[in-house]
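Just below is one structure, and these are the notes that go with it.
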There are 2 protein chains.
Amino acid sequence: MDNNLKNLTKKLKECNIKPSQQRLQILKFIITNPCHPTIDQIFAALHDELPTLSKTTIYNTLKLFADAGLAQEITIENNEVRYDAKIESHGHFKCKICGKIYDFNISIDDIPTEGLNDFPIETKHVYFKGICKDCLRSK
Amino acid sequence: MDNNLKNLTKKLKECNIKPSQQRLQILKFIITNPCHPTIDQIFAALHDELPTLSKTTIYNTLKLFADAGLAQEITIENNEVRYDAKIESHGHFKCKICGKIYDFNISIDDIPTEGLNDFPIETKHVYFKGICKDCLRSK
DNA sequence: GTTCCTGCAAAAGCTTTGCAGAAGA
DNA sequence: TCTTCTGCAAAGCTTTTGCAGGAAC
């Protein structure tokens, strides 16, 4: 595992981001919790470790990560931002009941497209919605 | 073309939606303008024809259409809702410069997925972002 | 008359901005 | 000391809600 603070510090430095406690903890959290937590969830989860942490800092930090290429904005829902720290091409499945977002394997680059010739594509997102296994079971 | 008011009226009635002037005009507008206009754009465009139209009605109406299956919410950006009146499987390309959203052909059902066994999927969205031809040219 | 629809105004929710104090080099 | 980071408070936007008046049947 490369989620220890030493490696995360290195990761941040490589992107010219100063490794403050707040940034390290936020990065660690989104890497170890790949369900793409909301700002609120990150805030609640880190409150014990960093009692003075503010949501402003979470917003700032995640935007910083996105600019640096460490994370990517997910727009599967339009009333809240979520982030993804995974680099590899994959899709997102959001459960309509519990709201959890799952990653799934998909070769986005293999998707055949028609009508996008000469349109330089910078980012690709695949979002599915439905009901997850856990919620299915408890129904 | 089936965009005349008579056919649209029929379409609404089939979904048990009363064909008011507001609903007819909004439906007509999103069908004839498949660039997925924002609420503001719809509001501005219909203002001449329906001077008293309110944004509340546009929000209500589009949500009504979505519930009835006449339209689908697009969440390519998380600071504004957009809608899609096209039924066939297709993807969306958003230009980062002009903000326009283009449809493109894609067989979403053919996308191979891994890890989603037993997850009933209800909706599938494919969003690409980049720069459109027009904006490329004018650079 | 009854039901449903519309639209103003206010409220709500998420995100951004301004800025002063704190932390770090 | 100087620069950068943090976090409170306020502002900004989009969307939702409450409700009274209006339209349709």
Side-chain angles (χ1 to χ4, degrees), chain A residues 5 8-9 12-13 15-27 29-30 36-68 70-83 94 99 101, chain B residues 5 8-9 12-13 15-27 29-30 36-68 70-83 94 99 101:
Chain A
L5 291 187
L8 295 180
T9 301
L12 287 179
K13 279 186 178 165
C15 295
N16 287 316
I17 295 176
K18 291 193 182 169
S20 70
Q21 270 310 303
Q22 287 88 337
R23 290 169 176 177
L24 279 170
Q25 293 300 330
I26 293 171
L27 181 58
F29 189 75
I30 61 169
H36 314 302
T38 62
I39 305 291
D40 265 13
Q41 289 167 339
I42 299 174
F43 180 74
L46 296 183
H47 191 262
D48 283 348
E49 200 138 356
L50 301 168
T52 67
L53 179 67
S54 77
K55 285 186 192 173
T56 303
T57 299
I58 302 177
Y59 280 109
N60 289 341
T61 301
L62 290 174
K63 213 165 276 281
L64 190 70
F65 289 174
D67 288 343
L70 282 175
Q72 207 181 14
E73 255 191 56
I74 294 179
T75 61
I76 198 168
E77 216 59 74
N78 54 24
N79 58 343
E80 58 188 16
V81 192
R82 290 167 183 250
Y83 284 87
K94 175 168 182 183
I101 296 177
Chain B
L5 292 186
L8 295 181
T9 302
L12 288 179
K13 279 186 178 167
C15 295
N16 287 316
I17 295 175
K18 289 193 184 170
S20 69
Q21 270 310 303
Q22 287 89 336
R23 292 169 174 176
L24 278 169
Q25 294 300 330
I26 292 170
L27 180 58
F29 189 74
I30 62 169
H36 313 302
T38 62
I39 304 290
D40 265 12
Q41 288 167 341
I42 298 174
F43 180 74
L46 295 184
H47 191 262
D48 282 349
E49 200 138 357
L50 301 168
T52 67
L53 180 67
S54 78
K55 286 186 190 172
T56 303
T57 299
I58 302 176
Y59 280 109
N60 289 341
T61 300
L62 290 173
K63 213 166 274 282
L64 189 72
F65 288 174
D67 287 343
L70 280 174
Q72 210 181 11
E73 255 190 57
I74 294 179
T75 61
I76 198 168
E77 216 60 74
N78 54 25
N79 59 344
E80 59 188 17
V81 193
R82 289 167 183 250
Y83 284 85
K94 177 169 180 181
I101 296 178

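A, B, ... follow the sequence lines: proteins, then strands. Residue 1 opens every chain.
Considering only residues two or more places apart in sequence or on other chains, A:Gln22 meets the side-chain hydrogen bond (donor to acceptor under 3.5 Å, both in side chains) condition with none of them. Among residues two or more places apart in sequence or in another chain, the side-chain contact (heavy atoms from CB on, under 4.5 Å) test is passed with A:Asp40 by A:Thr38, A:Lys55. With sequence neighbours left out, the side-chain hydrogen bond (donor to acceptor under 3.5 Å, both in side chains) criterion links B:Gln72 to no other residue.
Residue contacts for A:Thr57: at a heavy-atom cut-off of 4.0 Å it reaches a base atom on one of the strands shown.
Atom-to-atom, CD of B:Gln21 to C1' of C:dC5 comes out at 13 Å; the value is rounded to the nearest Å. Between A:Gln22 atom CD and D:dG7 atom P the separation is 5 Å, expressed in whole Å.
For D:dC8, the OP1/OP2 oxygens have no side-chain nitrogen or oxygen of A:Ser54 closer than 4.0 Å. Of the side-chain N and O atoms in B:Lys63, one or more sit less than 4.0 angstrom from OP1 or OP2 of D:dT16.
In the region residues 36-44 of chain B, proximity to DNA chain D at under 4.0 angstrom, judged on heavy atoms, holds for B:Ile39.
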For residues 58-68 of chain A, which side-chain N or O atoms pair as donor and acceptor with protein atoms under 3.5 Å away, sequence neighbours left out?
{"residue": "A:Asn60", "atom": "ND2", "partner": "A:Thr56", "partner atom": "O", "Å": "3.3"}
{"residue": "A:Thr61", "atom": "OG1", "partner": "A:Thr57", "partner atom": "O", "Å": "2.6"}

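Distance from the side chain of B:Ser20 is smallest to C:dT6 among D:dT15, C:dC14, C:dT6.
Contact of the B:His36 side chain with the B:Tyr83 side chain is not registered, since no non-hydrogen atoms from C-beta on lie closer than 4.5 Å.
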| field | Under 4.0 Å protein heavy-atom contacts per nucleotide of nucleotides 18-25 of chain C, with B for base, S for backbone only and - for none | value | --------
